[in-house]
Structures are given as structure tokens and as C-alpha cells.
Amino acid sequence: DSGVTQTPKHLITATGQRVTLRCSPRSGDLSVYWYQQSLDQGLQFLIQYYNGEERAKGNILERFSAQQFPDLHSELNLSSLELGDSALYFCASSVDSGNEQYFGPGTRLTVT
Amino acid sequence: AQSVTQLGSHVSVSEGALVLLRCNYSSSVPPYLFWYVQYPNQGLQLLLKYTTGATLVKGINGFEAEFKKSETSFHLTKPSAHMSDAAEYFCAVSDKGSGNTGKLIFGQGTTLQVKP
């Protein structure tokens with residue numbers, strides 16, 4: 001158990017819908033990262049927050065957004081969902097940028 | 001830009017044999033390097049990391065890796081494979097020098113099969 005929690009574990013939704021994925025980092029970790037894992041793209045960095053502020057952006061679509069709240073939990077919002085958004089979404093946390101990251105169990109999103 | 005290449009998407013070894021998973025990286029600044037393991041239907045677990053200092057790093061479950069700057073490599077080894085080692089392994093690089101974001105760039109992964 002990494003100490004990082006993600007909910008829900010599975011999510012099935014239809015094209016065009018919007019979903020919110022939630023992540024709680026390890027106690028004491030200020031940095032949260034979101035990654036997408038798919039068969040064709042592999043593991044891709046989406047976005048990073050540090051202590052409530054966005055720090056880095058990767059290949060994140062404009063339809064996707066995220067935020068980190070004062071209690072340091074983070075949410076990833078995916079809207080206007082397409083079939084190609086079906087993937088595993090991982091959250092990871094670290095004490096600070098550059099330190100090792102601890103991954104949550106992931107949320108498996110299926111868009112039908 | 002940073003990148004990671006894992007040579008061999010699938011590696012098969014016999015139980016008790018040496019495990020060698022290859023990783024080469026590209027980075028314009030001294031990198032932080034990591035190996036993660038992913039068991040089916042689970043998240044990624046950190047095996048080991050290299051930041052600075054000793055180039056041979058030891059990790060969990062008997063794995064180790066050696067950072068070779070001249071070869072831009074960070075290969076993962078284990079002297080004797082166990083059935084429980086069967087999983088997917090990811091090599092990753094973090095650009096500590098680029099605003100110190102710490103984002104990880106992953107290789108495509110190597111699936112390790114262990115035969116009895």
C-alpha cells in the first residue's frame with residue numbers, strides 16, 4: 001500500500017459525458033501528479049500540482065482539467081469524453097518535486 | 001527533451017536465471033532515474049532510484065541497477081528470477097534540472113515472464 005488513494009476504482013460512462021477522478025496523496029506529500037496509461041500511448045504525464053498550484057503540464061487535452069485543494073487532495077476532470085479517453089488514470093504523490101513518486105492504484109475509465 | 005528507451009517489450013527467463021532488463025535514457029542534464037514494477041491490475045511500485053552518488057543502486061526484492069553515464073544506461077538486474085517477479089517493468093527519467101518539476105518520462109515497459 002503506497003498510501004495514495006484514488007476513487008473510484010472503475011468508471012464506465014458514455015461519450016460526451018464528464019467525470020471527476022479523485023486522488024488523496026500520502027500524508028505529508030505536497031506534490032500530486034496525474035498520469036494516463038493506455039495501450040497505444042503507454043504512460044504519459046498529464047499535469048502536476050504542488051501545494052495547490054499548477055507546476056507543470058504535459059500532454060493534457062484542453063477537455064481535461066485538474067486542481068489541488070487546500071487539504072492537498074486533487075481532482076482530475078475529464079469532459080466531452082471520447083472513446084479514446086478510455087485508459088487507466090494514475091495519481092502519484094511526492095514530498096517535493098524531483099523526489100520519488102508513490103502511485104495510487106489507479107482509476108480505470110471506460111468510455112462506451 | 002528527455003526520453004527513455006527500454007530494449008525488448010517482452011523478456012522471458014527461467015526461474016533461477018539472471019534477469020536483465022535494459023533501459024537507455026536521453027537527457028540534457030544529469031537525470032534522476034527510476035525503475036517501477038506494475039503487477040496486473042495494480043498501480044506502480046517503486047523498485048529503486050538513482051539520483052546522485054553511488055552508481056550501483058539496490059532496490060527491493062533483490063533488484064539492482066547500475067547508472068552508466070558513458071552509455072546513458074540504467075539496466076535492471078536480479079541474479080535469480082522468482083515466479084513472483086513476473087510483471088511489467090518501467091524505467092523512468094525525471095528532469096530535476098528543468099524547473100525541478102519532477103515529472104516522470106516513462107519507457108514503453110518490459111513484460112517479464114518467468115518460466116518454471
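Chain naming here is simple, since letters A, B, ... match the order of the sequence lines and numbering starts at 1 in each.
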If two hydrophobic side chains count as joined below 4.5 Å and joins carry through other members, does [X] share a cluster with [Y]?
X: B:V57; Y: B:Y32; answer: no
X: A:L78; Y: A:V32; answer: yes
X: A:L46; Y: A:L81; answer: yes
X: B:F74; Y: B:L47; answer: yes
X: B:V4; Y: B:L48; answer: yes

B:Q108 versus chain A, heavy atoms under 4.5 Å apart: side chain, backbone, both or neither? side chain
Sort B:Q45 into side chain, backbone, both or neither according to what part of it lies under 4.5 angstrom from a heavy atom of chain A. neither
If you apply the rule side chain to side chain contact (heavy atoms under 4.5 Å, CB included), what do you find for A:Q37 with B:Q38, and how did you get there? CA-CA 12 Å; A:Q37 185 179 33; B:Q38 184 178 27; 3.0 Å; yes
Under 4.5 Å from any heavy atom of chain B - which part of A:Y50: neither
If you define the side chain from C-beta out and look only at heavy atoms, does anything of A:L43 sit under 4.5 Å from B:L44? yes
In Å and rounded to the nearest 0.5 Å, what is the [atom1] to [atom2] distance from [X] to [Y]?
X: B:I105; Y: A:Q44; atom1: CD1; atom2: CD; value: 8.0 Å
X: A:R108; Y: B:N41; atom1: CZ; atom2: CG; value: 6.5 Å
X: B:L46; Y: A:S94; atom1: CG; atom2: OG; value: 11.5 Å
X: A:F45; Y: B:S94; atom1: CZ; atom2: OG; value: 10.0 Å
X: B:K103; Y: A:S31; atom1: NZ; atom2: OG; value: 13.0 Å

Look at the side chain of A:Q101 and the backbone N and O of B:G102, then say whether any donor-acceptor pair between them is shorter than 3.5 Å. yes
Does a sphere of radius 6.0 Å around [atom1] in [X] hold more than 12 heavy atoms from other residues, nucleotides or ligands, not counting ones at 6.0 Å or beyond?
X: A:L83; atom1: CG; value: yes
X: A:N59; atom1: CG; value: no
X: B:R22; atom1: CZ; value: no

Taking the ring centre of each residue, are A:F103 and B:Y36 less than 6.0 Å apart? yes
